[in-house]
Amino acid sequence: MDATLNTKCRDIIMEYLVHSCYKDTARAFLQETRKLPAEQDHQDQQNAISTDTHTNGQVLGKKADNAWHMLDARKDLYDAIYRGDIPKAFDLIRLRFSGILEDTDHNHAPGSDKARACKVMFKLRCQQFIEIVRSASEVDAIQYARQHLKPIHKDYQEMITEVASLIAYNDPEKSNQAHLLSQDRRRKLADEVNRVVLAYCDLPEQTTMERLHRQHQVVQQELETMDWSEDKLASREKMSM
């Protein structure tokens, strides 16, 4: 493989690993690149360790230490949400990304980054309520809901109604709302919070690998449509004979 193409491929892989908070894998991958021939090694290390990249492969210009520090912060936050430790997640946001919580105005333009951030932070509040229902008393859950789950925005009422229904069940994990207690819900919320943090830090929310994957899917669908159209036309021609 061409050395330049090799480097670009490694850049794409490293970008995805750093972007997705796969810190240990990113470090292991970087160590492997250091075993490459000398003419490839220097450029790979410079590109890989810097930080997330734009679509054209140019680094954002942050120092390597800051890039890894940011990765540590995002990974700690992601892991806290994934294990259901929402108070820890809020502590990390206040410590590392305080601006996300400082803007409490819920009247932002729909679709804006600020409106999305407010909504995701409210989802995080709802998740904390879910975790309290999972592990604490009903009284604790009700007290938390009264303090933090007030319908401050009409669009949030549906979320409140959904999670509040858990209190009605003696065993929520065996109820028809059990999906609220799933690990998959934690994972999806962690992904959402990570995207909000990336936007807050002015980093790309989607990696080159993800864009390439989506482009591949679109091309594949178009090719399948073309094949289907050609087969249909051929069938019609046979029938007309």
Side-chain angles (χ1 to χ4, degrees), residues 9-34 44-55 57-103 113-114 116-132 134-135 181-214:
C9 288
R10 275 187 278 273
D11 287 348
I12 290 173
I13 295 172
M14 178 57 75
E15 175 196 15
Y16 176 78
L17 294 175
V18 172
H19 181 279
S20 302
C21 298
Y22 297 137
K23 175 184 173 182
D24 294 339
T25 305
R27 289 191 183 280
F29 184 77
L30 181 59
Q31 289 176 355
E32 287 299 314
T33 64
R34 288 172 175 163
D44 285 342
Q45 288 188 48
Q46 290 298 314
N47 291 340
I49 198 171
S50 295
T51 186
D52 291 20
T53 58
H54 291 303
T55 54
Q58 294 179 346
V59 297
L60 297 176
K62 293 175 181 271
K63 293 182 179 180
D65 287 345
N66 288 337
W68 286 115
H69 179 72
M70 183 63 68
L71 173 58
D72 285 337
R74 289 194 297 115
K75 178 173 172 53
D76 289 345
L77 177 56
Y78 190 99
D79 289 348
I81 298 171
Y82 190 75
R83 65 175 179 266
D85 191 352
I86 310 303
K88 177 67 174 178
F90 275 114
D91 287 343
L92 289 169
I93 293 172
R94 292 187 188 95
L95 179 64
R96 306 292 182 86
F97 315 106
S98 59
I100 296 176
L101 292 174
E102 287 174 357
D103 191 350
D113 285 342
K114 289 185 177 180
R116 182 183 57 163
C118 287
K119 187 172 184 178
V120 172
M121 290 302 102
F122 192 77
K123 282 186 178 181
L124 201 58
R125 292 289 186 193
C126 290
Q127 186 64 35
Q128 186 168 354
F129 173 82
I130 292 171
E131 301 300 341
I132 293 173
R134 187 201 304 269
S135 59
L181 301 167
S182 69
Q183 190 64 35
D184 189 55
R185 180 184 172 88
R186 287 177 174 176
R187 179 189 60 78
K188 289 179 179 178
L189 181 56
D191 287 337
E192 283 191 80
V193 173
N194 186 46
R195 287 193 292 270
V196 166
V197 169
L198 288 168
Y200 173 75
C201 297
D202 198 25
L203 294 173
E205 296 179 45
Q206 190 179 68
T207 64
T208 303
M209 185 179 294
E210 290 170 321
R211 284 188 287 272
L212 289 172
H213 177 65
R214 291 190 177 188

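- Every residue meeting the side-chain hydrogen bond (donor to acceptor under 3.5 Å, both in side chains) condition with K188, not counting sequence neighbours, appears here in chain and number order: D184.
- With sequence neighbours left out, E131 forms a side-chain hydrogen bond (donor to acceptor under 3.5 Å, both in side chains) with Q127, R134, R186.
- Between L92 and F97, every side-chain heavy-atom pair lies at or beyond the 4.5 Å cut-off.
- Atom OG1 of T25 is separated from atom NZ of K23 by 12.0 Å, given to the nearest 0.5 angstrom.
- How far CZ of R27 is from CD of E32: 15.0 Å, rounded to the nearest 0.5 Å.
- Looking at S20, its side chain never comes within 3.5 Å of a backbone N or O of L17 through a donor-acceptor pair.
- The side-chain hydrogen bond (donor to acceptor under 3.5 Å, both in side chains) check on Y16 picks up nothing, with sequence neighbours excluded.
- Here the closest non-hydrogen pair linking L124 and V193 is CD1-CG2, 4.3 Å.
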List, one per line, each side-chain donor-acceptor pair under 3.5 Å for residues 83-91, sequence neighbours excluded.
unit_1, atom_1, unit_2, atom_2, d
D85, OD1, K88, N, 3.3
D91, OD1, R94, NH1, 3.3

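- In the model, E15 has a side-chain atom that pairs as donor or acceptor with a side-chain atom of T208 under 3.5 Å.
- Residues R96 and L77 fail the side-chain proximity criterion, which asks for heavy atoms closer than 4.5 Å.
- Atom CG of L189 sits about 10.0 Å away from atom OH of Y78, to the nearest 0.5 Å.
- Separation of atoms CD1 (I100) and NZ (K114) is listed at 12.0 Å; rounding is to 0.5 Å.
- Closest non-hydrogen pair, A26 versus V18, comes out as CB-CG2, 4.3 Å.
- For D79, the side-chain hydrogen bond (donor to acceptor under 3.5 Å, both in side chains) criterion is met by K75, not counting sequence neighbours.
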Would you be so kind as to tabulate the donor-acceptor pairs closer than 3.5 Å made by side chains of residues 194-201, with sequence neighbours excluded?
unit_1, atom_1, unit_2, atom_2, d
N194, OD1, R74, NH1, 2.9
N194, ND2, H19, O, 3.4
Y200, OH, G99, N, 3.2

